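Contents: one structure, followed by commentary.
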Amino acid sequence: MLLLQPLQQLRVTGSMLHRSLTLCLIWLWLMWRHWPHLVKRRAIIVIVIFHKMSVNLVMTIIDLSAMHPLIVSRMSLRSHFLLLVCFSFLVSCQFAGNKKEIGNKEEVQLNVKEVVVPSSDVLNLKSYYLSFVYQTDSLQMLYGYNYKIHGLDCFNLKNMQSSQITFLGDGNSAVLRPVTGLYVQSLDSIWIYDGSQRALLLDRQGQLLNAVNLRDGLTSNEQVLIDCNFAISTSKLYYDGRHKSLLYGIQDTSTSPYSFKVREAFLDGSFPPVTYLLQSSVSVSDVSGGDYGNMSGVNISFSDDDILYNYPVESHVYVLDRRTKQTKVVDADSRFTKNVAGKCRSRSDYSQWIRHAVENPHFYDVMYLPERNMYARLHLGEHTFDATLDADALMDDRNLYITLFDKEFNVVGECSLATHRYNYYTAWTAMGKGILVFVDNMMSSATKTDKLEMDIIEVPLKTENGDECKLVSLN
């Protein structure tokens, strides 16, 4: 059981607040002493912004000549000073009011259930870079792409029975490598995105039911963006049962910097495809220009009505309402890590890309938890680079964090998950009440077995006032 939102770093925050206030008072005293030398039509003022239990000092310049000359001429130097201090106070209030606060919320608990798949005739992997959980009231099926057999390993998480769907290598139902997209519509309707750039609908025997060319209507500068590379970015394939449509990402290389979109293709052809433009990062002007190593893409996922996306290099979450095409930018800073990655030392030296990946945070895609009507995002913290150590060991030595959002995308909690337990490349998948994470980490001798192990991390809720649910509190 994990404790979410521990009350920590309070002393550090208080110390920072005291230090910032002291510096501010010293600065104001120096201004007062030397004011006659500072006021010559222009004056430098300080804006004190109180935000998140800290003080930010913002320097700005105002032009006194913009005021009416008669007013300026009748003001003493001390009056100028007092006027500017009042002005800075008003501006600081405006800045603080425009910044949405996402401080500590209720302390909550996460339930962690360990699952070990028993030995069977299925030659399963230790973990899966591409996986999906399909569930109904009575069924909970985990599907994972097994690249060794080129097929799907299927695990019934209720009775722990295993089976496989082997893909055909040739003929009408052939599935070409690489396989980078998976969406399970039902037990007999499984969508696969393969190397032919088609979305293939297969039944449980692997027979082809439908094929959709996702390149139809795209220009030569537009590339289908369906991938599941957790070292770079993840962009999901999604089936909308209400619209009978497929949604997927597109990268447009004709723009500078490269831009990203989502395309909705209607399977019955009743409507032309719809394109949704994705907003660029508000923190990094060009994520695809080569300055951020492997973190050069966008994460794209979906809920019933929204397109959820974010950039691995920074912490904001972007929510595009498909009905209105309006985008909401969510301030989702972590309390534990940096919130913007630094630039890589080289655009071409891959050893520097590896170092950059270790030394910077990596923010993963946002996952919708339908039974909780909540959202979860995982991200990796930065780690000190040591050239004498194995790069994979450095990666597996990092900390993994989970951030939870309510249905309105308010941050309700953040905590670190178990260390030296999970695989950060073959990753995880969303479930109804939480997430499923594969147990596989080279830093732990306990995970060095041939068994398929996973943790199901659920968000428990309690019901209050009828149907209203709240996070379980420790109070």
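Computed from a predicted model, the values in this text were never measured in an experiment.
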Main-chain N/O of Ile457 paired to Asp455 side chain as donor or acceptor, under 3.5 Å: no

Nearest heavy-atom neighbours spanning Gln352 and Cys344: O-SG, 3.5 Å

Polar contact flag, side-chain donor to acceptor under 3.5 angstrom, Asp286-Ser288: yes

Cation-pi check, Lys126 onto Phe438 ring (under 6.0 Å, within 45° of axis): no

Rounded distance [0.5 Å steps], OH in Tyr129 versus CG in Asn423: 13.5 Å

side-chain contact (heavy atoms from CB on, under 4.5 Å), paired with Thr234, selected from Ile226, Asp365, Thr180, Ile300: Asp365

Mutual orientation of the aromatic rings belonging to Trp428 and Phe230 [parallel < 30°, tilted 30-60°, perpendicular > 60°]: perpendicular

Test item: Asn310 side-chain N/O and Val317 main-chain N/O as donor-acceptor pair under 3.5 Å: no

Within-4.5 Å side-chain heavy-atom neighbours: Lys236 and Leu247: no

Plane angle bin for His150 and Phe167 - parallel if under 30°, tilted between 30 and 60°, otherwise perpendicular: perpendicular

Polar side chain donor-acceptor pair, Asp188 to Ser186, under 3.5 angstrom: no

Lys338 atom NZ, over 12 foreign heavy atoms within 6.0 Å: yes

Met141 side chain near Phe155 side chain, heavy-atom distance below 4.5 Å: no

Tyr309 ring center within less than 6.0 Å of Tyr318 ring center: yes

Considering all heavy atoms, the nearest Gly181-Leu130 contact: N-CD2, 3.8 Å

Tyr276-Glu264 side chain donor-acceptor pair, cut-off 3.5 Å: yes

Test log, rule side chain to side chain contact (heavy atoms under 4.5 Å, CB included), inputs Met395 and Val358: CA-CA 6 Å; Met395 290 296 296; Val358 171; 3.7 Å; yes

Straight-line distance of Gln161 CD to Asn156 CG, nearest 0.5 Å: 6.5 Å

Residues, nucleotides or ligands: over 12 heavy atoms within 6.0 Å of Lys113 NZ: no

CG-CD1 distance between Leu214 and Ile250, expressed to the nearest 0.5 angstrom: 9.0 Å

Side chain to side chain, Phe266 and Lys244, heavy atoms closer than 4.5 Å: no

Whether Tyr183 and Tyr239 hold their rings parallel, tilted or perpendicular, with breakpoints at 30° and 60°: tilted

Smallest separation among heavy atoms of Gly342 and Asn360, with atom names: N-OD1, 2.7 Å

Any donor-acceptor N/O pair, Ser173 side chain to Leu208 backbone, under 3.5 Å: yes

Donor-acceptor contact present, side-chain Asn294 to main-chain Ile232, <3.5 Å: no

Test item: Ile190 and Leu182 side chains (from C-beta on) under 4.5 Å apart, heavy atoms: yes

Under 3.5 Å side-chain donor-acceptor pair for Gln164 and Asp153: yes

Leu404 vs Leu110 side-chain heavy atoms within contact, under 4.5 Å: yes

Atom pair NZ (Lys158) and CG (Leu139), whose distance is rounded to the nearest 0.5 Å: 8.5 Å

Which atom of Tyr364 lies closest to which atom of His379, heavy atoms considered: CD1-CA, 3.8 Å

Donor on one side chain, acceptor on other, Asn399 and Ser416, under 3.5 Å: no

Tyr425 and Asn229 side chains, donor-acceptor separation under 3.5 Å: no

Heavy-atom pair with the smallest gap, counting every atom of Ala430 and Leu369: CB-CD2, 4.4 Å

Least distance between heavy atoms, Ala211 atom then Leu200 atom: CB-CD2, 3.8 Å

Residues Lys261 and Glu222 bridged, charged N to O under 4.0 Å: yes

Between Ser315 and Asp333, a side-chain donor and acceptor under 3.5 Å: yes

CG (Leu123) with more than 12 external heavy atoms under 6.0 Å: no

Side-chain donor or acceptor of Glu314 paired with backbone N/O of His316 under 3.5 Å: yes

Check: Ala393 main-chain N/O paired with Asp397 side-chain donor or acceptor under 3.5 Å: no

Polar side-chain atom of Tyr424 near backbone of Arg398 as donor-acceptor pair, under 3.5 Å: yes

Atom CZ of Phe385 with >12 non-hydrogen neighbours under 6.0 angstrom: yes

Salt bridge flag under 4.0 Å for residues Arg242 and Asp305: yes

Close side-chain approach of Asn441 to Tyr422, heavy-atom, < 4.5 Å: no

Salt bridge present between Arg322 and Asp240 (N-O < 4.0 angstrom): yes

Flag for Gln223-Thr253: side-chain donor and acceptor within less than 3.5 Å: no

N/O donor-acceptor pair under 3.5 Å between Asp306 side chain and Leu308 backbone: no

From Asn146 atom CG to Leu125 atom CG, the distance as rounded to the nearest 0.5 Å: 4.0 Å

Straight-line distance of Leu417 CG to Leu400 CG, nearest 0.5 Å: 5.0 Å

Check: Arg345 side chain, Arg355 main-chain N or O, donor-acceptor pair, under 3.5 Å: no

Stepwise side chain to side chain contact (heavy atoms under 4.5 Å, CB included) test for Met160 and Val115: CA-CA 9 Å; Met160 302 310 297; Val115 176; 3.5 Å; yes

Backbone of Val366 reached by a side-chain donor or acceptor of Ser301 within 3.5 Å: yes

